[in-house]
> 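Have a look at this one before I ask anything.
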2 protein chains.
Amino acid sequence: MATMTDVAKRAGVSVSTVSYVLTGTRPISEATRERVLAAMAELDYQPNAMARGLASRQSNIVGLLLPLTGRGLGATETAFVTGATEAARAAGYHLMLCPVGADDGDELQALATQRLLDGFLLMEVRLTDRRVELLRKLQAPFVLIGRTKNSTGLACVDIDFEQTVGDAVAHLVSLGHETIAYVNHSKASLASGYGPAKRTEAAFKVALKRHGITGVMVPTDDTAAGGRAAIREARECCPALTGVLVMNESAALGILAELREAGLDVPWDVSVVSMVTSAPVAELASPPLTAMTSPGAAVGAAATRILLERLGGGAGSTYEELLPCALEVRGTTGAAKKRKR
Amino acid sequence: MATMTDVAKRAGVSVSTVSYVLTGTRPISEATRERVLAAMAELDYQPNAMARGLASRQSNIVGLLLPLTGRGLGATETAFVTGATEAARAAGYHLMLCPVGADDGDELQALATQRLLDGFLLMEVRLTDRRVELLRKLQAPFVLIGRTKNSTGLACVDIDFEQTVGDAVAHLVSLGHETIAYVNHSKASLASGYGPAKRTEAAFKVALKRHGITGVMVPTDDTAAGGRAAIREARECCPALTGVLVMNESAALGILAELREAGLDVPWDVSVVSMVTSAPVAELASPPLTAMTSPGAAVGAAATRILLERLGGGAGSTYEELLPCALEVRGTTGAAKKRKR
DNA sequence: CTGAAAGCGCTAACAA
DNA sequence: TTGTTAGCGCTTTCAG
């Protein structure tokens, strides 16, 4: 394992010169640079990450904090992770997976104080999140994926729910649908003020008004059974219903199953749009779900980019970046059936 | 940020004493240990990871090498990752995600030479995998998740495909099924010698013989369409077919859809067992899939455990650990219909 | 444009 | 049972 001293000797220069060609922190004549580079190549030299980290006070590693529940990660979260990983790698950083949820304060305190990580990406952010207070107190650079209650002074990247709901409703309206249900997350989520649930609810109302159509919001559990119950409820209170927008993938599948069993054809009788859904899941359904595809990898990449900017000394001013989900029309939406009048 | 020197001063001991209470490398009297611990607590001391790594020549970080294709990770791979992460954390190690596939030699060469990682976990191992040769050459400790062509001298953890196929077939047989199809990975996979495809094929034949029943293997694409085609082909060549074992989740869903459209009831007319399937996906289907649930987290944890043992100086002898998938009976298997005779 | 040398914070001989 | 000290391999002043 060649060290910097070996390289210096072989190139006939001092260690500091080798260091400078590596970091580019000061001008080096073309001639010596080439000798040094050659020596490195001949010795298969790679700088020792630990020594470098110790001397420079930075590890070039960022931590991805996410709670690792037994249930594992969904497709969207996985895309965050891969997007962030690749963005980090492209910038010469590494990404460490840290199973630290909203409540694991001590774990994080230790992690952040060990100086192993230059900054943090927080996933599964909750409205009040201990990790946020803690990192702020420790003055550690970090970026949220999602949003907390009060985000002043914080940097965050999130899905643009307002835009996404607007686009979904516009799609249904353009197909002639005039009565739409929005199957949201559960009542409990809404009551607890869960961001996506609240924001999509508001956006749904705005969209209805803008298009001058009618609709209902039905909260339900994020399960297939929840979807079934929700669609029954929605059809009961709005028999004219021809379009459904649904927040959760499992609920979406439940809705398809329930409609099928009720003898209704999708999309002939009812059109269904699934929100924040990944392509693989959308394609598992039959017919494949028309969906608003979550910009998973893009979110992860954006968060990483912002974090790295801040590591470069950027100030800690408020910053928000919202990415909309893209409409992907598959098999569950079609022209609205003309109602009898 | 308190350093070890600060702690030593405050406790009235030398730095080495502090170091030794931290590492436990040599006996310390209870009295001084307590003073040191107290000093640490008062100063919120956390050892600097980089300094520690430099001095001890180990980072306490292991790398998880996996190709990050655009498609993202499936549920099974995600479970590997979370299982490995938690096992590492429990042992005081961290886990770094490294997007390095079977062919990215140089990337890995650099990574391994930087001394940032103590060892490696390889996912998505291919029959011939450049990463394996390279790590072996560099004498870096590593464990495979999956198997290569020749695994002598290597440590690996894998799903026990033989056992899993055997169990699946036994389940169908116990329900009275006597003609079974096995819908495998694609012809291309088989031709390329892809391990799971080959091993399950062999195991299927063995199981048929053992139970004295008949069956066919149909290779197909890992897609819903592939599943549809496969089940059509199977029923054509074996009209007596009442049981299906299928390797891929998407194909399994395709099979269910195709059978439904053909007017056949599952499990009344045909029973379906899906292999190496995660619970969430199994439950998306309707009826929910009876499946052999992949031991994802257990595989990740086992691989980590073995790697950490080897870091502790354990020799590099061949080691293989195979974990079977567990049968979870859901809604797609039932008693075989009696055939007309 | 280049070199010498002082650390970075810790571990692990060696010495007592 | 404890202290002293020489590095680990690199970055970065300070000099030239």
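For clarity, every value in this text was computed on a predicted model and none was experimentally measured. Hydrogens, waters and symmetry mates play no part in the numbers below; they use all other heavy atoms, side chains included. Residue numbers begin at 1 in each chain, while the letters A, B, ... track the order of the sequences.
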> Taking the side chain of B:P47 as heavy atoms from C-beta outward, which of D:dG9, C:dT11, C:dC10 is closest to it?
C:dC10
> Picking from C:dC8, C:dG3, C:dC10, which would you name as closest to the side chain of A:R26?
C:dG3
> Please give, in whole Å, the distance from C:dA12 P to B:L22 CG?
11 Å
> In whole Å, what is the span from the CG atom of B:L54 to the C1' atom of C:dA12?
13 Å
> When you get a sec, tell me which of C:dT11, C:dA5, D:dT1 is the closest nucleotide to the side chain of B:R52?
C:dT11
> Look at the side-chain N and O atoms of B:T32 and state whether any lies under 4.0 Å from the OP1 or OP2 oxygen of D:dT2.
yes
> What is the distance, rounded to the nearest whole Å, between atom CE of A:M40 and atom P of D:dC10?
9 Å
> Checking all strands, does B:V18 fall into the base, sugar-phosphate, or nothing category for heavy-atom contacts under 4.0 angstrom?
nothing
> B:S16 near the nucleic acid: base, sugar-phosphate alone, or nothing, with a heavy-atom cut-off under 4.0 Å?
base
> So B:F120 and B:L108, do their side chains get closer than 4.5 Å, heavy atoms only?
yes
> Below the 4.0 Å mark, does C:dG9 have OP1 or OP2 next to a side-chain nitrogen or oxygen of B:T3?
no
> Are A:N48 and A:M1 packed together at the side-chain level, in the sense that at least one heavy-atom pair is separated by less than 4.5 angstrom?
no
> Quick one: A:Q58 CD to D:dT12 P, roughly how many Å, whole number?
8 Å
> What is the distance, to the nearest angstrom, from the CE atom on B:M50 to the P atom on D:dG7?
24 Å
> Atom OH of A:Y20 to atom C1' of D:dG9: distance rounded to whole Å?
15 Å
> Rounded to the nearest angstrom, tell me the gap between atom CE in B:M4 and atom C1' in C:dC8.
14 Å
> Could you tell me whether A:I28 contacts a base, only the sugar-phosphate backbone, or nothing, with contacts defined as non-hydrogen atoms closer than 4.0 Å?
sugar-phosphate
> Would you mind telling me which residue lines up with the more 5' stretch of DNA chain D, B:G12 or B:S56, judged by nearest nucleotide?
B:G12
> State, with a plain yes or no, whether a side-chain heavy atom of A:Y45 is found less than 4.5 Å away from one of A:M4.
yes
> Can you tell me which nucleotide in C:dT11, C:dG7, C:dT2 comes closest to the side chain of A:A55?
C:dG7
> Could you report the tightest heavy-atom contact between A:C325 and A:P295, atom names first, then the distance?
SG-CD, 3.8 Å
> Indicate yes or no: does A:E309 engage A:R305 in a salt bridge with an N to O separation below 4.0 Å.
yes
> Rounded to whole angstrom units, what separation is found between the CG atom of B:D6 and the P atom of C:dC10?
9 Å
> Does B:S19 make a side-chain N or O approach to OP1 or OP2 of C:dA12 shorter than 4.0 Å?
no
> Could you say whether B:N48 or A:E30 is positioned toward the 5' end of DNA chain C, judged by the nucleotide with the nearest heavy atom to each?
A:E30
> In terms of side-chain heavy atoms of A:T17, which of C:dA5, C:dG9, C:dT2 is nearest?
C:dT2
> Which atom names give the shortest non-hydrogen contact between B:L64 and B:V81, and what distance separates them?
CD1-CG2, 3.7 Å
